[in-house]
Structures are given as C-alpha cells and as structure tokens.
There are 2 protein chains.
Amino acid sequence: MVVRLSDVAARAGVSVKTVSNVANGYLHVKPETRERVQAAIDDLNYRPNLSARSLRQGRSGVIALAVPALDMPYFAELTRAVVEAAAERGWTVLVDQTDGLRERELEVASGLRGHLIDGLILSPVGLEVDELERSKEDTPLVLLGEKIAGGPVDHVAVDNVEAARLATDHLLGLGRKRVAAIGYQARADAASGVAPLRRRGYERSLAAAGITVDAELTPQVAGYRRVDGAHAMETLLALPEPPDAVFCFSDLLALGALRVLAERGLRVPEDVALIGFDDIEDGRYSTPSLSTVAPAKDEIARHAVDMLHDRIAGRDAVPARDVRVGFEIVPRESTLGRGQTGPSGP
Amino acid sequence: MVVRLSDVAARAGVSVKTVSNVANGYLHVKPETRERVQAAIDDLNYRPNLSARSLRQGRSGVIALAVPALDMPYFAELTRAVVEAAAERGWTVLVDQTDGLRERELEVASGLRGHLIDGLILSPVGLEVDELERSKEDTPLVLLGEKIAGGPVDHVAVDNVEAARLATDHLLGLGRKRVAAIGYQARADAASGVAPLRRRGYERSLAAAGITVDAELTPQVAGYRRVDGAHAMETLLALPEPPDAVFCFSDLLALGALRVLAERGLRVPEDVALIGFDDIEDGRYSTPSLSTVAPAKDEIARHAVDMLHDRIAGRDAVPARDVRVGFEIVPRESTLGRGQTGPSGP
DNA sequence: CTGAAAGCGCTTACAG
DNA sequence: CTGAAAGCGCTTACAG
C-alpha cells in the first residue's frame with residue numbers, strides 16, 4: 001500500500017503544503033503542528049516519492065560517477081571517497097563502469113540517464129575532447145584526471161608530470177643508473193590518459209640527470225593492471241642489460257612486476273628498486289611494501305563534488321576550472337629496503 | 001533548453017502517443033512514421049525524463065546495491081558483477097556503502113531511496129533478521145551472504161560451512177598439525193555474518209581429523225581487512241608453539257598475515273601454510289600467490305539480479321528462496337609451494 | 001501560517 | 001493505427 005502526502009495530511013488534519021514543509025524541514029510550522037505531522041508520517045511510514053519530487057523540482061539529488069573499472073583498487077577507493085563526499089551534501093551516487101571504452105564514456109557524457117541525475121563525475125580514458133564538445137550536454141559535468149584538461153569543462157587532477165618526475169628522481173637518488181618505466185602506451189602520442197604525462201615527467205627527470213631515454217627500458221603495456229606489469233617486467237628482465245630500478249605508472253603494474261621479480265629470485269630493492277603510483281592499500285601490505293606516489297584521493301573527491309555542486313547551483317557563468325590536488329612521494333621497502341621504514345599499515 | 005515528448009511530436013507531425021511508442025520500441029508504428037519520429041528525436045537530441053516515466057509507471061529501472069565497503073576488493077569485484085548483470089536487464093545500479101553498520105543497513109532496507117529504486121540487493125553485516133522483519137518494506141529485496149539466511153527474504157550465498165571445511169581439509173591434507181583460524185569474532189555467537197559459519201566448517205574439519213580446537217589458535221579479529229590479519233598473525237607467532245598452517249576467513253586477512261610472516265622471515269608454505277577466502281585478484285599476484293576459496297561471484301550476481309527481477313515482476317506469491325552458488329578450492333603457492341603451480345594470473 | 005490548484009513530463013486507458 | 005485527456009505524487013506560486 002502506497003502512502004501519499006495527502007494521506008499524511010488527512011491523518012494529521014493539515015494541508016499537504018504543511019506536510020511538505022515538515023518533510024522538507026522548512027520553518028514557519030508551529031512546533032505543535034510539526035509534531036502532529038511527524039507522528040502521522042511515522043504512523044503511516046510515509047516515504048516521499050523521489051520521482052515526483054524530482055519531476056517537480058527538476059533536481060533528483062542523484063549524481064553519477066563513471067569510472068573505468070570498479071575492481072581496480074584506485075577507482076574503488078576513489079569511488080568510496082566520492083560517495084562519502086556526496087553523502088555530505090545529501091546526494092546519492094549512481095555508479096557507472098565504462099571499461100575505458102570511448103563509446104560508453106560518450107554515452108554516459110551525453111545524458112545516458114536522461115534527467116535522472118543532476119550531474120556527472122567522469123573519469124575518461126578513451127574519450128577525446130572534441131567528441132565531448134560535440135555532445136555538449138546541459139548536464140553539469142566534472143572530469144577527473146588529465147585525459148581532457150584545459151578544455152571547456154571543469155576538471156580536477158594531480159600534476160602528473162611533476163609527480164612522475166619526482167618519483168623518477170627518487171629512484172635516481174638511490175644511485176640507480178638504468179631506470180626503466182612501465183606504463184608507456186602505444187597511443188601515447190594521441191594524448192590518451194595519464195600515460196603521456198607521466199612519461200614526460202619520467203623523461204624530464206632523466207634529462208635533468210643527463211641520462212638519455214633508452215627505448216628498451218620503456219616497454220609498451222596494453223593496460224594498467226597487474227597482468228600488464230608482469231608482462232612488461234618479463235620483457236625488461238629478458239634484456240641483455242636489465243634495469244636496476246623501475247617506475248611503474250600504477251601500483252597494480254608495480255605489483256605485477258614485483259611478482260615476476262620474486263619468481264625470478266631477484267631481490268627488491270637490492271637488485272631492482274620499484275616505485276608505483278596511486279597508493280592503493282595493496283601496496284602497503286605487499287612484500288616488500290611498495291613505494292609509491294600518493295595522490296590526495298579525498299581531495300580529488302571533495303573538489304569534484306564541490307565543483308559539481310557549484311555547476312548544479314547554476315554558476316554557469318564561471319569559466320571551466322582546472323583544479324590541482326596535492327600528492328606525496330611515499331618511500332617504502334621497494335626502494336628503501338627492509339628496516340628502513342616503520343611498520344606498514346594504513 | 002529542455003526538450004519534451006510533445007516537442008518531438010510537433011516536429012514529427014504526430015501525436016505524443018506515437019512518439020512514446022517509438023521511444024519505447026513498441027510495435028504498431030508504420031516504419032515510415034517511426035523513421036520520421038526517430039529523425040525528430042535525433043534532431044532535437046531528445047532524452048526521456050526518467051523521473052516522469054518512473055512517476056507514471058511506478059518503476060524507475062534503478063536498483064540499489066548496498067555493500068559494506070567498496071574499497072574491499074571482494075565487494076568491488078562483486079559490485080562489478082552486479083552492475084554487469086543488471087545492465088543486461090537494462091537496469092542501472094545505485095551503490096550504497098553501509099560500512100557494516102546496523103543502522104545504515106536498516107536505513108537502506110527501509111526504503112532510504114523512497115521509490116527511487118525498484119529493488120535492493122543488500123549484503124548485511126550488522127542487521128538482525130527481526131529488525132528486518134519489523135521494518136518490512138514493500139521494496140523487493142534480495143540478501144547476499146548468510147548473515148540472514150532461511151529468513152523471510154530471498155537470499156543467495158555459498159555454502160560457507162562446507163567451503164570452510166574443505167579449506168581446512170586442504171591444510172590438514174598437507175600434513176599440518178597445528179592449524180589456526182583467523183577470522184573468529186567476538187560477536188560470533190550472535191550469529192553475525194559469515195564468521196560463525198566458516199568457524200563451524202573449520203571446527204568440523206578438525207573434529208573429523210580427531211583434533212580438538214585450541215582456543216589459542218583462533219584469535220579474535222575486529223574486522224576482515226589486511227590490518228586485522230596482520231595483528232592476528234602477530235598474536236599467533238607470539239605463542240610458545242605457533243601454528244604450521246592458517247585458514248584465514250578472507251583473502252585480505254591472509255594478505256595481512258602473509259606480510260607479517262615475511263617480516264619475521266618465516267617461509268610460506270614451508271614454515272606456515274596459508275589459505276584465504278574470496279579469490280580476490282590481489283591474491284593471484286602476491287608472493288607467494290595465495291591459495292583460496294573461490295566463490296562464484298558472477299553466479300551470485302546473476303542470481304541476485306534474477307531473483308530481484310522476479311520479485312519486481314510481482315511473483316510475491318513465491319516463498320522466499322535460498323540459493324546456493326558454487327565455490328572452488330584454489331590451491332596456489334601459499335600451500336603448495338613454488339613450482340607446484342602453473343603461471344599465476346587472472 | 002494554511003488551503004486549493006496548477007503543473008513538472010511522461011504513459012495509458014479511452015474514443016475514434 | 002492516432003488523438004485528446006487523465007493522472008502518477010510531489011512542490012510552489014497564489015490567495016486568503
């Protein structure tokens with residue numbers, strides 16, 4: 001049996017307007033009246049129909065978050081942070097998985113959810129900026145990452161070039177001479193995703209140290225998962241002169257690489273030092289624990305939600321903003337060795 | 001500018017009914033008419049307003065999935081599977097995180113989303129069956145896991161007792177004598193979550209081998225994350241006579257334990273054999289790779305979505321169903337040792 | 001402070 | 001096969 005606002009009004013002996021005022025926490029309702037209405041709401045177990053409210057108000061209180069894959073820890077952790085930040089605003093989050101596919105990202109960006117959502121936070125991988133402009137929806141949109149930066153849309157990211165540069169510096173600072181990078185992608189020149197930026201930081205660091213990039217030390221990967229890191233590491237170890245350090249463009253890549261090094265009986269960091277990117281929890285508990293670049297995920301989430309809130313509130317006049325959040329180089333055992341670090345853990 | 005059905009109708013020179021028919025893929029529309037309507041839809045970039053549709057039809061096409069934590073890989077992987085299974089039915093999934101808190105689970109179960117969702121898949125941790133019955137909502141509900149089984153609600157789970165028994169058998173089969181269990185919880189007697197079931201399986205296996213349970217070998221944990229496994233392992237290693245094998249009630253617990261064993265310089269599996277539960281991707285790439293119990297996550301997701309679909313379709317007459325999905329013991333290096341297993345990987 | 005009424009954008013009987 | 005109209009359950013000007 002469905003309970004309507006008017007049922008509550010009838011029971012409480014007031015108008016629907018008054019019930020609506022109480023349900024929405026408005027002022028100008030006598031405490032006595034408010035109490036009577038609340039009692040009726042409780043008695044009847046009334047729940048407002050959000051579709052009706054949304055239809056009337058033009059806002060649903062639901063935002064969508066579209067990430068490549070929920071089962072990649074970085075995105076799982078980011079999703080958690082976004083859901084929490086959204087909850088603080090009373091928003092509900094609807095999660096979409098794009099698998100990094102251009103068409104799915106485009107679908108999502110072009111209003112897949114038809115007015116069901118008030119706004120969208122999208123972490124694009126395959127989408128190009130011109131496609132985004134062509135599909136220009138009126139749904140407020142915030143982009144994550146640097147796939148499409150400086151474009152016509154709000155976006156928040158870490159400074160990937162600088163973070164990658166410092167990560168590589170960290171390896172060079174250990175005295176390593178052959179520093180490889182795992183994460184180069186075939187489509188790198190097409191400015192896809194973070195790869196070209198982290199690549200630039202890596203190369204910049206080497207250049208500053210007077211080292212020329214050795215193409216052999218930058219194998220191509222198909223993706224950023226453990227399996228890709230494992231394959232790339234195998235390639236590197238097959239070289240006549242393997243690297244003595246590796247900067248992996250994601251922690252998952254690094255964990256895959258770590259696994260292969262262990263299989264080969266190589267010591268980390270003594271034989272090969274390793275640093276990743278993302279600071280996922282897995283890396284804190286691996287053996288050895290994984291040095292990494294830690295982006296401020298909570299800040300990313302908070303900024304994304306705040307910016308979306310501003311857009312939804314109608315600050316359309318404001319030009320698109322590019323927000324940078326902080327990051328930190330977190331040295332752990334995979335570069336410093338055992339005993340150099342404190343107890344692991346979150 | 002918002003485009004309405006009537007705008008499309010006007011442009012195409014037909015009635016709204018016809019546009020509605022086309023938009024919903026109904027029959028009985030002349031191909032020629034359909035084409036003209038479709039052209040108008042494309043021209044105007046029309047998107048149906050889902051709130052209006054939902055208000056009218058009483059169904060939104062959105063279901064909610066409530067899990068304890070998205071950043072726990074098991075739930076992240078399960079969420080992915082549910083989103084995919086739901087997509088096959090044209091459903092969108094709204095994700096809630098409960099943190100395993102009773103009150104949040106209750107909120108969610110008692111229609112938090114007020115008619116926004118057509119149904120709910122809930123993985124309860126703290127919620128008790130009587131609370132669930134009291135709050136008896138009309139929103140179709142399917143429960144995951146065995147926290148509340150055999151109750152008044154559809155639910156799908158693996159046979160945790162049997163799975164735990166076989167996992168323990170696997171350790172005993174290696175000739176281990178002091179087999180510990182990490183995952184006992186203080187509230188175990190209160191029948192909370194999977195702990196008591198896996199505990200029963202563990203004890204049943206020992207009993208069959210003529211071994212009495214040693215309370216020292218079953219330390220309490222506060223949660224099922226890596227940090228909890230690390231703490232419990234430390235407790236076990238501090239014993240005068242530490243275990244030579246450990247059954248961990250989750251892979252995360254096992255990964256935490258593995259980390260501590262490595263820190264202490266103990267060999268796995270030579271000194272201590274280890275098996276987990278969940279088959280998360282992390283365990284396939286750890287060193288050593290982690291033996292585990294692999295529940296059929298895709299089956300769980302598919303059954304949950306199918307059962308929810310049946311309830312939404314109004315098969316209320318059908319009594320609550322308890323569905324069991326399969327599982328598999330997956331031996332890897334943490335019990336079999338190096339070289340005993342094939343190449344790791346997904 | 002409260003009541004009666006319009007309207008958000010759909011879908012769907014009901015006529016034709 | 002198509003058109004005109006009612007109504008889903010809210011919120012919100014508009015009167016009082």
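Only heavy atoms go into these numbers, but all of them, side chains included; no hydrogens, no water, no symmetry mates. Convention: sequence-line order gives letters A, B, ...; per-chain numbering from 1.
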### Query
Reading DNA chain C 5' to 3', what string of ( ), [ ], | and . shows its pairs, if Watson-Crick and G-U wobble pairs count only when both distances fall under 3.5 Å?
|||.||||||||.|||
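Among the protein residues, B:Thr33 comes within range of the sugar-phosphate backbone only, with heavy atoms under 4.0 Å from sugar or phosphate atoms but none that close to a base. Contacts of B:Ser6 with the nucleic acid, taken as non-hydrogen atoms under 4.0 Å apart, are absent.
Residues satisfying the side-chain contact (heavy atoms from CB on, under 4.5 Å) criterion with B:Asp99, sequence neighbours excluded, are A:Arg80, B:Leu101, B:Arg104. By the side chain to side chain donor-acceptor pair (under 3.5 Å) test, A:Ser54 pairs with B:Ser51, sequence neighbours left out. Remark: B:Arg102 engages B:Glu131 in a side chain to side chain donor-acceptor pair (under 3.5 Å) (not counting sequence neighbours). Scored by the side chain to side chain donor-acceptor pair (under 3.5 Å) test, B:Asp306 finds B:Arg89 as partners (sequence neighbours excluded). Annotation: side-chain contact (heavy atoms from CB on, under 4.5 Å) contacts of B:Gln38 (sequence neighbours excluded): B:Val22, B:Ile41, B:Asp42. Residues forming a side chain to side chain donor-acceptor pair (under 3.5 Å) with A:Arg36 (at least two apart in sequence, or on another chain): none.
In this model, the phosphate group of C:dG3 is approached by a side-chain N or O of A:Ser15 to a distance below 4.0 Å at OP1 or OP2. Residue A:Ser20 has a polar side-chain atom (N or O) positioned under 4.0 Å from OP1 or OP2 of D:dT11.
One can place CZ of A:Arg59 at 11 Å from P of D:dT11, the figure rounded to the nearest angstrom. Going from atom CD of B:Glu32 over to atom P of D:dC1 covers 12 Å, rounded to whole Å.
With C1' as the reference atom, D:dG16 and D:dT12 are 16 Å apart, rounded to whole Å.
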Close N or O pairs between protein and nucleotides 5-9 of chain C (under 3.5 Å):
{"unit_1": "C:dG7", "atom_1": "N2", "unit_2": "A:Arg56", "atom_2": "NH1", "d": "3.4"}
{"unit_1": "C:dG9", "atom_1": "N2", "unit_2": "B:Ala52", "atom_2": "O", "d": "3.3"}

With a 3.5 Å cut-off and sequence neighbours excluded, list the donor-acceptor pairs that the side chains of residues 63-79 of chain A form with protein atoms.
{"unit_1": "A:Asp71", "atom_1": "OD1", "unit_2": "A:Arg225", "atom_2": "NH2", "d": "3.3"}
{"unit_1": "A:Glu77", "atom_1": "OE1", "unit_2": "A:Lys297", "atom_2": "NZ", "d": "3.1"}
{"unit_1": "A:Glu77", "atom_1": "OE2", "unit_2": "A:Glu281", "atom_2": "N", "d": "3.0"}
{"unit_1": "A:Thr79", "atom_1": "OG1", "unit_2": "A:Phe75", "atom_2": "O", "d": "2.6"}

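Proximity of a side-chain donor or acceptor of B:Asp154 to a complementary backbone N or O of B:Val142 within less than 3.5 Å is not detected.
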